[in-house]
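Chain A is the first sequence line, chain B the second, and so forth, proteins listed ahead of strands; every chain is numbered from 1. Computed from a predicted structure; not experimentally measured.
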Amino acid sequence: MAERFNANTYPLGPGIRLLEASAGTGKTFALAHLTLRLITEAAYPLETLLVVTYTEAAAEELRSRIGQRLQQALVGLEQMENETSPSAPDPVMAAWWEQCTASSDRRIRIRRLLVALEQLDRADIATIHGFCRRSLRRLALDNGAAIEPQLESDASALQAEVVQHLWQQELLTLPDEQLQGLRQRGLSPHTLLRPWPDWMEIPTPGWLAIRNLSMGYRRCVISFRAGSKAFGMRSNPIGSAIMLLWSRVFALQLHSGKPRVVAQHRLTARSHVRIAAP
Amino acid sequence: VQLVRDRILQWLAADPDLAPRDVLVMTPQVDRYAPLLNSVFNDADAIGVDLPWRLTDRTQQSSPGLSMAMLNLLELAAGRLTATGLEQWLANPALQELQGLSSEDCTLMTRVLQHTGFRWGLDATERGGDETHGLRWCLDRWLLGLVLPVRDGLAPAGAAPFQWELDPERLVRWWTLLDRMARMLEQFRRPQTCAAWVALLQSVLQELFGDGRAWSGELQTWTAALEDWRLRAMDCALELDIAVVLEVLNEALSVDSGRFGHRTGSLTISALEPMRAIPHKVIVLMGLDGAVFPRPNQRPGFHLLEQHRRLGDPRGSDQDRYVLLEALMSARRHLLISWCGRNERTGEAQPPAAPVEQWLAQLQQELSSSSTDGLVLTPAANPLARSNFQIEAPLSCDRRQLEARRWLDRSRPEPQQALAWPPAWTFPLADPRTSSKPEEPLVFEELLRWMHQPQAAWLRSKGLRPGEGIDAVEDLDPLELNALERYQLLDQNLEPLLVAGTLPDWPSLLAGQGVMPAGAGAALEQQELADRWQRLRRQLDSLGPCRREGVVIEGVLRPLVFAGETQVVVQAGMLSVRGVMRGWLQHLHLCRLTPTPTAVIARSTRAIGAEIHLHWMALPADQAEEQLVTLQRLAQQGMHQCWPVPPKSGWQMVWHEQRKPGTGLDRFRTCWQEERLSPALQLCFGADLEADALLQTTGFDAACTALYQPLFQARRS
């Protein structure tokens with residue numbers, strides 16, 4: 001049986017926790033309050049927390065909400081220190097303030113909140129891609145990767161380039177009848193540009209399936225290599241965590257049929273690592 | 001930017017002591033705003049005053065000039081040489097002036113290069129072994145075009161001669177520049193030592209820009225930067241790649257470019273720079289969006305402070321916070337902070353940057369709610385919103401927008417939607433031959449044009465030729481022919497070749513022109529085209545032995561195709577109204593001389609691939625004459641009034657109704673969805689007219705009957 005959620009008693013210990021609720025029921029509120037507790041009660045500096053979400057607008061809003069929450073808590077604690085009773089914006093905050101009875105405890109929390117508010121604009125409250133980009137930049141020196149990775153928001157031109165290269169170098173060089181066989185099976189530059197499952201489901205003779213897979217595999221390997229090189233997965237604990245995140249993203253993309261993968265594209269020529277955006 | 005400008009104007013208007021030189025606008029997004037500043041602050045027509053302003057703190061690389069031309073060239077060498085990249089390079093004003101080219105020259109050069117087949121890559125080395133569609137290959141085609149004729153199949157060493165209506169002198173001038181550029185790219189792509197790079201770049205600067213003329217300042221910066229680099233790295237034996245050189249130069253040229261001069265004597269706009277005691281009375285911090293302020297500096301460095309940070313250590317992003325504080329302390333009259341409150345794409349609300357938000361929260365907490373009233377203004381998203389033009393404290397000073405708002409509020413009659421809507425077609429009463437004012441009859445071609453494009457012909461008679469065209473710059477070579485290209489290749493000399501029975505060998509005819517894809521692709525296309533060709537030929541043969549015969553129509557000898565005793569019209573594509581009308585008109589003219597049956601052959605979706613779609617029996621001469629007169633009357637009337645039936649949809653409707661009664665209307669609706677996008681029909685009937693509105697117009701059915709019924713009546717049963 002699922003327990004009723006209480007933002008003030010929810011455990012802060014290590015482990016994976018899942019909050020699941022419908023829209024408008026206060027997930028962001030709960031997240032902001034948990035962040036407040038992680039900073040003040042569990043004594044994590046804000047810089048060590050990673051908060052990711054899907055869109056840039058959502059990330060901005062989340063940062064603003066967390067900031068407001070910290071500020072509210074701080075104001076209340078300061079008023080309590082001055083022995084005036086603060087007016088609580090919500091019952092959760094009121095209950096949280098009630099926990100801070102000892103003045104020494106309050107002063108520690110005020111100190112942590114002040115430091116956190118100062119760090120707010122460089123905290124890792126970002127989209128998944130935004131965080132990956134930041135990490136690529138932070139770890140660039142340790143891993144000898146590109147210093148200025150650029151965010152690729154539209155990979156269609158790159159895809160068209162890759163498809164053209166594949167078509168010219170691999171398919172137009174085949175014997176006529178083999179290319180004809182492939183064309184009759186529905187393989188064309190156009191279908192190659194489409195999401196993978198679409199053309200993987202074409203009823204194919206065995207060797208075509210292998211060819212498809214090998215092309216897909218190769219793209220995956222290229223991207224994986226770029227990722228692992230940039231993140232230095234073995235040397236760095238954060239790197240390995242990111243690799244885990246990446247592998248999830250890849251798996252997700254493979255399942256959702258969007259072949260937007262990280263591609264290491266002309267790395268030597270342009271010193272870029274490009275990341276495909278969702 | 002407009003809101004900031006208008007707010008400053010309001011302040012200036014309200015306070016006679018305030019002058020533009022007292023205003024400082026700082027923004028963390030100077031590169032993003034720079035293009036907007038020009039259009040907004042220079043718009044004297046809209047604001048009614050000449051506002052003197054200056055932009056400092058923008059690196060010279062971002063304005064097109066000598067420096068940008070040079071950097072673009074290096075980028076082309078460092079990456080892929082694409083048609084768009086080359087177009088951009090050629091569009092540079094410094095390059096154009098110093099090479100004696102006009103901007104039309106450069107636009108035309110890009111166009112001619114596209115037609116020659118340039119897509120990307122310098123030569124076979126860059127393109128993975130295939131030189132077709134590379135720049136060198138195109139230059140070879142130009143040269144060959146000067147000395148050899150353009151003939152199908154003539155392609156020495158894989159490059160067919162290319163000719164364009166240009167004087168050779170001009171072509172040679174272009175060729176020289178492009179050849180020089182190609183040579184430079186080749187040199188740039190070889191790794192060299194620093195000293196060699198400096199020497200090479202100096203010679204390139206000299207060769208492309210000479211003394212630099214109006215851009216001599218930028219040239220001097222370059223020379224100084226190169227000299228500086230040479231002195232520092234003279235002894236380095238490392239061979240550097242072009243990408244590294246580009247990075248080095250980018251950095252050398254952007255250092256210290258314009259980090260001074262905040263007192264310009266006019267309204268000053270600059271990047272966000274740390275400053276003590278800002279001397280301006282009015283300070284505006286523009287564009288403090290959450291994502292860009294404080295500017296994150298995550299570029300890794302070797303600095304100890306960055307490796308082991310302690311509380312209190314300064315950070316790059318702290319400087320931006322200091323600017324905010326400094327602005328607050330220094331502003332003596334006004335302080336304005338602006339940010340983008342909504343996402344530009346989705347419209348979702350966006351909070352301001354963290355320091356601004358914290359500050360606002362602090363103010364609200366410290367002050368009473370009455371004193372924070374009006375602290376944050378949220379202007380309407382629509383610049384024409386009425387709230388922008390309130391009498392007291394208007395948010396907008398834009399007279400043009402005010403005019404637009406007034407115009408929108410004024411009541412006015414509905415504008416006419418289209419030239420020929422609602423249609424007013426009346427059938428001609430008199431026979432043109434017996435009419436009191438006989439009109440000149442339309443000749444064969446004019447009549448045919450009216451028959452398959454009546455609306456366009458009507459517009460043309462009024463001197464209107466609607467059309468849309470785009471000269472796209474393509475960066476990728478075609479991997480296969482598209483439907484139109486296949487049709488055009490097949491259609492070329494189709495009838496004579498079919499009669500002669502010679503199947504063209506397209507890959508060898510088009511060799512060196514870059515039309516056919518490479519390798520197995522060409523063989524595949526040949527097979528596809530040959531397949532279609534043979535299917536048409538088979539249908540032709542089924543009617544009897546073929547021959548071509550000249551027939552005099554309206555005094556002009558026209559070669560017609562006959563198979564056995566039947567006149568045949570062959571279409572390379574699917575059956576279209578154009579082919580049908582040509583067949584029908586030729587049939588009528590032929591029957592007027594000697595009654596002969598006529599067939600129309602075109603591609604078909606059935607397994608046989610082609611079929612005889614229409615077969616008309618021989619009409620008696622007098623009937624044919626009568627039909628021609630009727631057509632002539634309709635067409636002459638059609639020059640004065642717009643014909644109410646769209647040709648393609650109309651034909652599809654009657655054709656499908658004939659084949660399967662009850663399907664015609666649906667067909668019309670589907671077909672009209674596409675046909676209504678054509679410029680001529682949009683001009684005649686409006687941009688988004690529904691099919692049913694057309695179908696319900698008076699005279700629509702009568703017009704269909706008049707044009708199409710004789711055509712079906714004459715069909716062989």
Side-chain angles (χ1 to χ4, degrees), chain A residues 45 47 55-61 63-65 67-68 70-72 75 115 117-123 126 130 133-142 147-148 157 160-161 163-165 167-169 171-180 183 188-190 266-272, chain B residues 75 77-80 119-120 127-130 241-244 246-247 289-291 293-294 296-302 309 311 315 317-318 320-321 342-343 345-355 357-358 361-362 365 475-480 517-524 527-528:
Chain A
E47 283 179 326
T55 65
E56 271 167 31
E60 283 298 306
E61 201 211 328
R63 184 181 53 72
S64 162
R65 293 276 288 270
Q68 284 167 14
L70 301 184
Q71 189 111 11
Q72 283 169 353
V75 170
V115 173
L117 280 169
E118 194 262 340
Q119 292 171 345
L120 187 63
D121 46 50
R122 7 173 231 282
R133 184 160 81 144
R134 276 189 192 192
S135 306
L136 277 172
R137 291 174 68 148
R138 281 180 196 152
L139 302 175
L141 272 189
D142 297 344
I147 293 276
E148 290 282 352
E161 230 173 79
V163 165
Q164 173 153 61
H165 184 82
W167 196 264
Q168 279 180 336
Q169 302 296 320
L171 291 157
L172 290 184
T173 49
L174 288 175
D176 298 355
E177 62 283 356
Q178 283 191 19
L179 181 61
Q180 197 179 3
R183 293 290 283 115
S188 71
H190 191 67
R266 299 199 296 273
L267 190 64
T268 46
R270 280 197 192 163
S271 305
H272 292 171
Chain B
E75 272 163 23
R80 180 167 161 137
R119 296 293 180 270
W120 68 275
R127 293 184 46 95
D130 175 25
D241 185 76
I242 173 78
V244 181
L246 188 60
E247 200 70 16
D289 299 348
F293 180 86
N297 179 18
Q298 280 143 357
R299 188 168 169 161
F302 296 105
R309 181 165 294 281
L311 182 63
R315 281 178 184 268
S317 59
D318 288 345
D320 279 1
R321 282 175 172 255
R342 290 203 174 273
N343 187 296
R345 269 185 285 173
T346 59
E348 286 170 279
Q350 283 190 150
E357 199 175 24
Q358 285 170 8
Q362 186 72 19
Q365 190 196 323
D475 277 347
L476 295 174
D477 346 334
L479 294 173
E480 48 186 12
L524 230 61
Q527 202 175 338
E528 169 75 35

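- Annotation: maximal heavy-atom pairing with chain B below 4.5 Å, among A/Q72, A/Q71, A/Q68, occurs at A/Q71.
- With a 4.5 Å cut-off on non-hydrogen atoms, A/L117 touches chain B through its backbone and its side chain both.
- If you check the side chains of B/E357 and A/S64, you find a donor sitting under 3.5 Å from an acceptor.
- Listed for the B/D241 side chain is a donor-acceptor partner under 3.5 Å among the backbone atoms of B/A243.
- When the candidates B/A77, B/G519, B/P294 are compared by the number of heavy-atom contacts under 4.5 Å with chain A, B/P294 comes out ahead.
- If you measure heavy-atom distances from B/R127 to chain A, the contacts under 4.5 Å come from both the backbone and the side chain.
- Using modelled atom types and a 3.5 Å distance limit, the side chains of A/E60 and B/N343 yield no donor-acceptor pair.
- Interface check for chain B: of the options A/H165, A/E118, A/E61, the most heavy-atom pairs under 4.5 Å are formed by A/E118.
- A donor-acceptor distance shorter than 3.5 angstrom exists from the side chain of A/Q164 to the backbone of B/D477, with no hydrogens or angles considered.
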Would B/R321 and A/D121 count as a side-chain contact (heavy atoms from CB on, under 4.5 Å) if you check the C-alpha gap in whole Å, the side-chain angles of each, and the deciding distance to 0.1 Å? CA-CA 10 Å; B/R321 282 175 172 255; A/D121 46 50; 2.5 Å; yes
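- Proximity to chain A involves both the backbone and the side chain of B/A291, based on heavy atoms less than 4.5 angstrom apart.
- Heavy atoms closer than 4.5 Å to chain A are found in the side chain of B/L524, but not in its backbone.
- Atom CG of B/L476 is separated from atom CH2 of B/W120 by 9.0 Å, given to the nearest 0.5 angstrom.
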